[in-house]
Amino acid sequence: MNGKTSIFRLLTLGFGYGFLYLPIVSVVIYSFNASAMVTVWGGFSTHWYGALFQDQQVLNALGLSLEVAFLSATIALVMGTLAGYVLARFGVFSGRTLFSGMVTAPLVVPEVIGAIATLLLFVDMKELIGWPSSRGAGALAVAHAAYTLSYGAVVVQSRLADMDRSVEEAAQDLGARPWKVFMVITLPIISPALVSGWLLAFSLSLDDVVTSAFVAGPGATTLPLYVFASVKLGVKPEINAIGTIIVAVVATATIISGVWVTHRERSRMRSVNKLREEELQAIGSLTAA
């Protein structure tokens, strides 16, 4: 019975991984296809990568996407960190339920509804204050941040909820003000969660199609919009090259961030254990005296 269960689990695991990653593997393989037919293998070649980097339209779309993703991830990180800190540290306060619902609403509200609402907001704002005038990178970054900040808030809130507050309390007992405790103690401890939240917001913004399609003005074509428009006319070999580059960048960033987060967590645990040992030794010395 155990043998059959193990085989079933392995088959299920293999099917799940195959369902998720075999399409990505096929994109990577066919990005090196010499044939112009994306489904017919014509030999190994890097021709389409060269053609990709010579296409100025693709480079402009990629540059805009990276700019928007960086700005929106940074905005979402700052706003999400503040929101998560309020929800984790301020306890019960008037309007907490409403505030919590507004922070987490983008997680459950269909993206198309949020995109339409953002578009209408920007149209009204342009008439009232003249911004955004062209709905370019800045407007896209704000629209994406409004959607992704909830992810950062949830990650930070979860990390703060599991955090040992004794270190913060010790710093306050030694005379540190709340703002200094937050900057010197809290932020370094939750830095792995901040990195995770930023990367999550960055990837969601880089991959966004719906919000960008509604909000982007004329000439503001992000890479997902370019790929979507190209696929409707037929898949080109350059699309496989774009997908391979994105997969490589995301995989590299994920590995680096994972190694860094693991290293920081181990360093934190060593520091905490050292402090506890020193505290126990001090208590032992006082007891002996």
Side-chain angles (χ1 to χ4, degrees), residues 10-73 110-112 115 137 140-141 143-144 147-148 151 195-216 220-261:
L10 290 175
L11 290 175
T12 304
L13 183 64
F15 176 79
Y17 278 119
F19 182 79
L20 291 174
Y21 294 109
L22 281 180
I24 299 177
V25 173
S26 66
V27 168
V28 174
I29 292 175
Y30 277 98
S31 69
F32 297 99
N33 186 13
S35 174
M37 301 292 293
V38 294
T39 57
V40 178
W41 182 256
F44 181 86
S45 175
T46 58
H47 167 73
W48 302 115
Y49 287 90
L52 173 65
F53 288 106
Q54 292 176 359
D55 192 336
Q56 192 61 40
Q57 188 176 4
V58 174
L59 296 179
N60 291 337
L62 177 60
L64 179 62
S65 292
L66 293 175
E67 180 183 359
V68 170
F70 179 83
L71 291 175
S72 65
E111 189 176 358
V112 65
L140 283 171
H144 289 185
Y147 170 68
T148 57
Y151 292 89
V195 173
S196 301
W198 190 91
L199 289 174
L200 180 58
F202 182 88
S203 61
L204 289 172
S205 175
L206 190 66
D207 186 53
D208 186 87
V209 175
V210 177
T211 302
S212 299
F214 278 89
V215 175
T221 302
T222 61
L223 185 61
L225 292 179
Y226 173 83
V227 172
F228 183 70
S230 301
V231 169
K232 290 193 295 184
L233 300 176
V235 180
K236 298 189 298 183
E238 290 92 335
I239 302 301
N240 290 334
I242 294 174
T244 302
I245 292 174
I246 293 175
V247 169
V249 171
V250 171
T252 302
T254 302
I255 293 172
I256 293 174
S257 63
V259 172
W260 182 82
V261 168

Query raised in the report: How are the rings of W198 and F202 set to each other: parallel, tilted or perpendicular (split at 30° and 60°)?
Result: parallel
Pair up each side-chain donor or acceptor in residues 237-253 with any protein partner under 3.5 Å, not counting sequence neighbours, and list the distances.
residue	atom	partner	partner atom	Å
T244	OG1	S31	OG	3.1
T244	OG1	N240	O	2.8
T252	OG1	A248	O	2.8

Query raised in the report: Hey, what do you get for NE2 (H47) to CG (L52), rounding to the nearest 0.5 Å?
Result: 11.0 Å
Query raised in the report: OH/Y147 to OG/S205 distance, rounded to the nearest 0.5 angstrom?
Result: 11.0 Å
Query raised in the report: With sequence neighbours left out, what residues match Q54 under side-chain hydrogen bond (donor to acceptor under 3.5 Å, both in side chains)?
Result: none
Query - CZ (F32) with more than 12 external heavy atoms under 6.0 Å - result: yes
Query - Heavy atoms of other groups near F44 CZ, more than 12 under 6.0 Å - result: yes
Report summary line: In short, L71 meets A141 closest at the heavy-atom pair CB-CB, 3.6 Å
Report task. List the steps and the verdict of side-chain contact (heavy atoms from CB on, under 4.5 Å) for F53 and V58. Result -> CA-CA 8 Å; F53 288 106; V58 174; over 6 Å; no
**Report entry** P224 side chain near S65 side chain, heavy-atom distance below 4.5 Å
**Finding:** yes
Report task. Report yes if the side chains of T148 and L200 come closer than 4.5 Å at any heavy-atom pair, otherwise no. Result -> no
Query raised in the report: What's the verdict on side-chain contact (heavy atoms from CB on, under 4.5 Å) for T211 and H144, showing C-alpha distance, side-chain angles and the deciding distance?
Result: CA-CA 7 Å; T211 302; H144 289 185; 3.8 Å; yes
Report task. Please test L140 against S72 for side-chain contact (heavy atoms from CB on, under 4.5 Å), starting from the C-alpha separation and ending with a verdict. Result -> CA-CA 8 Å; L140 283 171; S72 65; over 6 Å; no
**Report entry** Test side-chain contact (heavy atoms from CB on, under 4.5 Å) applied to L223 and L64, L62, L66, the passing residue
**Finding:** L62
Report task. Begin with the C-alpha distance, continue with both residues' side-chain angles, and end with the deciding distance and a verdict on side-chain contact (heavy atoms from CB on, under 4.5 Å) for L59 and D55. Result -> CA-CA 6 Å; L59 296 179; D55 192 336; 5.9 Å; no
